[in-house]
Amino acid sequence: MNEEVLDNSKKESRPGINFIEQIIIEDIRQGKNGGKIVTRFPPEPNGYLHIGHAKAICLDFGLAEKYGGVCNLRFDDTNPEAEDVEYVESIKEDIHWLGFDWGDREYYASDYFDRLYEFAKDLIRRGLAYVDDQPAEVISEQRGSPTRPGIESPYRNRTVEENLDLFERMNRGEFEEGSRVLRAKIDMSSPNMHMRDPVIYRILKTPHHRTGTKWNVYPMYDFAHGQCDYFEGVTHSLCTLEFEVHRPLYDWFIDQLRTGEYRPRQIEFNRLNLTYTVMSKRKLLELVQGGYVSGWDDPRMPTLCGLRRRGYTPESIRKFIDLIGYTKFEAINDVSLLEHAVRDDLNLHAPRVFGVLNPLKVIITNYPGGVTEEVEVENNPEDPGMGTRKVPFCRELYIDREDFMETPPPKYYRLYPGNEVRLKGAYIIKCTGYRKNDHTGEIDEVYCTYDPETRSGGPSANRKVKTTIHWVSAPHAINAEIRLYDRLFTHEDPLGQKDRDFKEFLNPDSLKILKNCKLEPSLKNAKPLDKFQFQRVGYFCVDPDSTESYLIFNRTVQLKDTWSKLKQ
RNA sequence: UGACCCAUGGUGUAAUUGGUAACACGACGGAUUUUGGUUCCGCAGAGUCCUGGUUCGAGUCCAGGUGGGUCAACCA
């Protein structure tokens with residue numbers, strides 16, 4: 001059985017099994033913990049998940065899946081002041097959206113409050129924990145600093161009886177918040193600050209979203225996390241780098257707790273950082289509360305709900321995470337790699353349509369008025385199985401303003417006086433003139449003639465022109481709003497700038513709204529979150545703000561654009 | 001006069017665990033193309049932070065530096 005799992009891993013391994021996977025393989029080989037693999041994803045229900053969490057989710061669930069183990073979902077709800085059920089549902093939704101499932105293993109740290117409480121009393125009885133009556137500031141002062149050892153609390157050597165009595169009374173609600181804490185008795189002069197008699201229980205009178213008012217004391221993260229891992233039989237407890245210094249404490253508690261061979265192991269990996277954005281919950285909250293974005297699901301946010309609304313697919317996010325890997329190096333990943341991952345996915349799956357963002361009227365002067373013909377266009381050249389659709393064509397059309405110039409620069413292949421282009425799926429047209437607005441100088445209309453011999457699919461359609469452009473029939477077009485997004489920040493690393501607030505680097509042009517866009521009529525029935533490639537422009541996704549009669553699209557990402565590069 | 005962690009092309013990762021630096025993205029050039037997209041082909045780019053050591057052989061091991069990160073919530 002184990003052989004099979006390992007073999008399996010070898011097959012998929014190619015080069016580059018990450019260091020955590022290597023540890024797991026080795027552990028299975030050695031038959032550690034009975035050869036079982038159990039991981040957990042432990043979000044605190046105090047906010048929305050972002051792509052950094054997705055990195056952890058892919059690791060926790062992915063590794064369990066790959067090595068024949070299981071992954072638990074455990075809500076780390078040890079702080080009633082910050083948490084709320086509201087977040088539980090969104091977290092579950094996001095994990096499912098990414099394509100992972102925890103089966104019936106939905107746990108809560110609060111499920112273990114009784115056992116944790118008993119364990120704390122056990123530590124007291126063994127002389128390994130004590131109640132400290134000093135205020136937070138004093139305890140903090142006594143803890144010393146990284147370069148200066150701490151000093152022991154005057155309450156450190158209370159009797160077991162007194163500690164037990166005090167702790168129980170703390171939990172009965174006899175004392176005010178902040179008046180007493182329970183501390184583990186470890187080593188006030190440890191070089192590791194976390195070992196200097198860490199607080200393990202504090203008094204909190206805010207009702208808990210699951211246990212109500214049952215408890216007046218709540219375990220701290222360090223006292224809950226490893227123990228919960230232990231209770232659940234977790235073998236590999238994967239977390240981010242900043243918990244590295246907590247590991248000795250994690251192990252210390254496990255040492256006091258365990259009775260047999262089994263022990264969970266904490267392994268740390270690097271966080272996901274992306275250029276041009278911020279990833280901390282606190283900072284994201286600041287953006288939401290400050291009104292810099294429209295909410296947690298603003299399409300510019302790195303939250304999973306934001307990315308989803310933007311049009312990112314779960315596959316693209318997983319692909320991206322797979323690409324960046326897991327190491328112990330604090331890397332800043334280029335968003336362009338994320339963008340590459342969506343393009344890659346959407347290119348294969350998104351149906352092509354015609355959408356004109358900045359419409360310019362084109363009149364085909366030799367095409368009869370009042371006539372509409374339908375041309376057939378393939379839905380996706382990458383996948384003929386996606387079929388074709390009919391698009392109406394007539395005398396008056398819209399093209400994108402970018403596709404016409406009065407006086408073209410070198411290498412400009414699009415429409416200009418005297419030049420020919422093909423209208424995708426229809427005819428080759430030649431620009432014969434244009435009309436300019438006398439006041440604004442803007443071009444109002446462009447005049448063209450079409451060559452009836454060149455209809456796509458027709459017998460003599462093979463005449464080559466330098467380029468093909470998209471278009472929509474003016475009388476048939478539907479009006480839509482399109483929201484164009486750019487990076488949220490103007491600096492790659494908005495947080496890394498000394499003495500500057502990250503909000504100073506907010507990009508004022510991160511959202512542009514176009515309200516007069518013209519789309520081909522087949523889009524009429526598009527539903528929220530439907531994704532399309534507006535041919536030659538980019539990938540777009542229907543925003544949930546859309547109504548039956550008013551479609552709103554979000555631009556997920558532009559197509560690669562070698563022309564705009566050429567221009568420079 | 002702290003502890004712990006990290007350092008490989010522009011970016012992110014890999015290197016059969018000591019065997020002569022590879023992959024992806026990006027850049028550049030070309031071919032194909034009814035998307036200036038896609039695809040295909042090609043090319044450039046690091047000698048692995050520095051110094052020393054061990055070894056026939058070091059990106060991998062050791063020592064010492066340098067640079068960066070984390071740690072002093074009754075947050076997680």
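Lettering follows sequence order; numbering is per chain, from 1.
- Remark: rA3(B) base-pairs with rU70(B). Criterion, Watson-Crick or G-U wobble with two distances under 3.5 Å.
- In a base pair of the Watson-Crick type (N1 to N3 plus N6-O4 or O6-N4) or a G-U wobble (N1-O2 and O6-N3), with each distance short of 3.5 Å, rG10(B) is matched with rC25(B).
- Contact annotation: Thr78(A) reaches the phosphate of rA76(B) (side-chain N/O to OP1 or OP2, under 4.0 Å).
- No more than 12 heavy-atom neighbours from other residues, nucleotides or ligands sit within 6.0 angstrom of CZ on Arg271(A).
- Checked against rU35(B), rC25(B), rC75(B), the side chain of His340(A) finds its nearest nucleotide in rC25(B).
- Note on Lys565(A): only backbone sugar-phosphate atoms sit closer than 4.0 angstrom, heavy atoms only; bases stay farther off.
- Distances were taken from every side-chain heavy atom of Pro381(A) (C-beta onward) to each of rC75(B), rU35(B), rU34(B); the shortest belongs to rU35(B).
- Results of the ring pair (Phe, Tyr, Trp, His ring centres under 6.0 Å) test with Phe231(A) over Tyr108(A), Phe113(A), Tyr112(A) single out Tyr112(A) as the only residue that passes.
- Rounded to whole Å, the C1' atom of rA7(B) lies 29 Å from the corresponding atom of rC56(B).
- Pair assignment for rU51(B) gives rA63(B), based on Watson-Crick or G-U wobble hydrogen-bonding distances that are each under 3.5 Å.
- The residue Gly325(A) sits apart from the nucleic acid: no heavy atom pair falls under 4.0 Å.
- Atom CD1 of Ile332(A) and atom C1' of rG69(B) are 11 Å apart (whole Å).
- Using a 4.0 Å heavy-atom criterion, one finds that Leu559(A) contacts the bases of the nucleic acid, with or without backbone contacts as well.
- If you find the closest nucleotide of RNA chain B to Glu378(A) and to Asn347(A), the one lying nearer the 5' end belongs to Glu378(A).
- When Watson-Crick and G-U wobble pairs are counted only if both distances are under 3.5 Å, rA15(B) pairs with no nucleotide at all.
- The side chain of Ala136(A) approaches rC74(B) more closely than any other nucleotide in the set rG26(B), rA76(B), rC74(B).
- Looking at Thr388(A) and Glu376(A), their side chains do bring a donor and an acceptor atom within 3.5 Å of each other.
- The CE-P distance, from Met188(A) to rG2(B), rounds to 20 Å in whole Å.
- Here the separation of rC40(B) from rU48(B), taken at their P atoms, is 33 Å to the nearest Å.
- Below the 3.5 angstrom threshold, one finds a donor paired with an acceptor across the side chain of Arg422(A) and the base of rU34(B).
- For the atom pair OG1 (Thr467(A)) and CG (Asp403(A)), the distance works out to 8.0 Å, reported to the nearest 0.5 Å.
- In this structure, Trp563(A) counts as stacked on the base of rG36(B) under the 5.5 Å centre distance and 30° plane angle limits.
- Nucleotides rA14(B) and rG9(B), compared at atom C1', are 13 Å apart to the nearest Å.
- For Lys424(A), the listed nucleotide lying nearest its side chain is rU34(B); candidates were rG37(B), rA14(B), rU34(B).
- Along RNA chain B, the nucleotide nearest to Arg143(A) and the one nearest to Phe534(A) differ in position, and the one closer to the 5' end is contacted by Phe534(A).
- Remark: ring of Tyr413(A) overlaps the six-membered base ring of rG36(B) in a stacked fashion, centroids less than 5.5 Å apart, planes less than 30° apart.
- Note on Glu137(A): nothing from the nucleic acid sits closer than 4.0 angstrom, heavy atoms only.
- Within the nucleic acid shown, Asn333(A) comes within 4.0 Å of sugar-phosphate atoms alone, with no base atom in reach, counting heavy atoms only.
- Computed from coordinates, the Leu495(A) CG to rU70(B) P distance equals 11 Å when rounded to whole Å.
- Considering only side-chain N and O atoms, Arg536(A) lies under 4.0 angstrom from the phosphate OP1 or OP2 of rG36(B).
- With hydrogens and angles left out, the side-chain atoms of Asn419(A) and Lys430(A) include no donor and acceptor closer than 3.5 Å.
- Set against rC71(B), rA14(B), rA24(B), the side chain of Val245(A) has rC71(B) as its closest nucleotide.
- Between the side chains of Asp334(A) and Ser336(A), at least one donor N or O lies within less than 3.5 Å of an accepting N or O.
- When each of rC25(B), rG36(B), rA14(B) is scored by its nearest atom to the side-chain atoms of Tyr412(A), the top-ranked nucleotide is rG36(B).
- Look at CG on Asp493(A): it is 11 Å from P on rG12(B), rounded to the nearest Å.
- The residues Arg463(A) and Glu420(A) are annotated as salt-bridged, a charged nitrogen and a carboxylate oxygen being separated by less than 4.0 angstrom.
- Partner assigned to rA31(B) is rU39(B), using Watson-Crick or G-U wobble distances below 3.5 angstrom.
- Counting non-hydrogen atoms under 4.0 angstrom, Arg414(A) reaches a base of the nucleic acid.
- For the residue pair Gln134(A) / Ser153(A), a side-chain donor-acceptor distance below 3.5 Å is found, with atom types taken as modelled.
- The phosphate of rC75(B) (OP1 or OP2) has a side-chain N or O of Arg202(A) nearer than 4.0 angstrom.
- Here, rU16(B) and rC75(B) have their C1' atoms 45 Å apart, quoted to the whole Å.
- Among the nucleotides rA72(B), rU34(B), rA76(B), the one closest to the side chain of Ser456(A) is rU34(B).
- Among rU34(B), rA72(B), rG36(B), the nucleotide with an atom closest to any side-chain atom of Lys464(A) is rU34(B).
- Rounding to whole angstrom units, CG of residue Asn273(A) and P of rC6(B) are separated by 17 Å.
- Residue-level contact check: Ser564(A) touches neither bases nor backbone, having no heavy atom under 4.0 Å from any strand.
- Distances were taken from every side-chain heavy atom of Asn18(A) (C-beta onward) to each of rG37(B), rA14(B), rU34(B); the shortest belongs to rA14(B).
- Here the nucleotide nearest the side chain of Ala461(A), chosen from rA7(B), rU35(B), rU34(B), is rU34(B).
- Residue Val199(A) is classed as a sugar-phosphate contact, given heavy-atom separations below 4.0 Å to backbone atoms only.
- Applying the 4.0 Å criterion to OP1 and OP2 of rA73(B), one finds that Ser140(A) has a side-chain N or O inside that range.
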